[in-house]
Each structure stands twice: as C-alpha cells, then as structure tokens.
Amino acid sequence: MGPLRGDKGRRVKRERGDRRRCGLREVQVSVTQLGLGYESEETLVFRYCSGRCLRHRRTYDLALDSIQSAGLLKEPAPHVPCCRPLHYEEDFSFLGNNNQYYTIPELSAQDCGCV
C-alpha cells in the first residue's frame, strides 16, 4: 500500500509541474472581449502561452543577472526567458456586428516556447 501511495503522489506532483511549465492554454472568448476594437458576439477558442521558463536560462541570462545585481547597468534589463508563441494559427476571420467581414492575423498561438 505504501509504494502505490508514493507513486500516485509523484504522478500528481508531475502533473502540477507540467501546468506551471511554459505551454499552450486556451479560453473561449467573444471577438469583442479581445479588446482590439472589433464588435462581434462571435466566439473563438483563444490559445495563449503561459508558464515558467526557468530551466531554459542560458549563460547570457545568468551573466546579465549577475551584472544587474552588481549595479553595473544604467537601466534594468529582463534576464529570464519568457513563454511566448513560436507559431500562430491561421488568420482568424469573422463577421462584425456591422455585417462586415474582418480578418485578424497572428491572433491565436499554435505552439509555445521559451524565448
């Protein structure tokens, strides 16, 4: 009974860790909720990138962190990789409330990575 409980606990921890790692997430929204100035009640599945990228830190990131901590930079510079889209889905087309068609390029993420 002990080993089963331990294996299950490790599996749950790994699943939680996967959600925190950089990856593709999605939410259903209306075109109006995108906040891009279009008025339409048409809905879409908006895919976005979210999560941590700490394991992807490179030598550059470590050196910049050290130089910044020493107060050698005139302005702050980000030194942690960011979870961002690497590719986007096809352009999104929809009918606006004014009966006109619109197309939005590079709206929804297709896959994510640490950059």
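Connection of Tyr48 to Leu36 is established within a shared hydrophobic cluster, with ILVMFWY side chains joined at heavy-atom distances below 4.5 Å, either directly or through further cluster members. Both Val27 and Phe92 belong to a common hydrophobic cluster when Ile, Leu, Val, Met, Phe, Trp and Tyr are linked at side-chain heavy-atom distances under 4.5 angstrom. Under a hydrophobic-cluster definition in which Ile, Leu, Val, Met, Phe, Trp and Tyr are linked whenever side-chain heavy atoms come within less than 4.5 Å, directly or via other members, Val45 and Tyr88 are assigned to different clusters. If you chain together hydrophobic residues whose side chains sit under 4.5 Å apart, Tyr102 and Leu44 fall into the same group.
Distance check, rounded to the nearest 0.5 Å: CG of Asp111 to CD of Glu89 gives 10.0 Å. Atom CD of Gln68 sits about 10.0 Å away from atom CD of Glu75, to the nearest 0.5 Å.
Inter-residue side-chain proximity for Asn97 and Glu41 is flagged as met; some heavy-atom pair is nearer than 4.5 Å. Side-chain atoms of Pro81 and Asp61, non-hydrogen and from C-beta on, do get closer than 4.5 Å to each other. Side-chain contact check for Ile104 versus Tyr38: some heavy-atom pair is nearer than 4.5 Å.
Across Cys83 and Gly23, no two heavy atoms sit closer than the pair SG-N, 3.8 Å. Here the closest non-hydrogen pair linking Ser93 and Thr103 is OG-OG1, 2.9 Å. Residues Gln28 and Thr43 come closest through the heavy atom pair NE2-OG1, 3.4 Å. Heavy atoms only, all atoms of each residue included: Leu24 and Gln110 are closest at CD2-O, 3.3 Å. Shortest non-hydrogen contact noted between Ser108 and Arg47 is OG-N, 2.8 Å.
For a disulfide, the SG atoms of both cysteines must be under 2.5 angstrom apart; this fails for Cys22 and Cys53.
No more than 12 heavy atoms of other residues, nucleotides or ligands shown are found within 6.0 angstrom of CZ on Arg52.
Within the 3.5 Å criterion, the main-chain N or O of Leu95 finds a donor-acceptor partner in the side chain of Glu42. A donor-acceptor pair is defined here as one N or O able to donate and one able to accept, closer than 3.5 Å; no such pair exists between the side chain of Arg84 and the backbone of Val115.
Every residue was checked against the ring-ring contact (aromatic ring centres under 6.0 Å, His included) condition with Phe46, not counting sequence neighbours, and none meets it.
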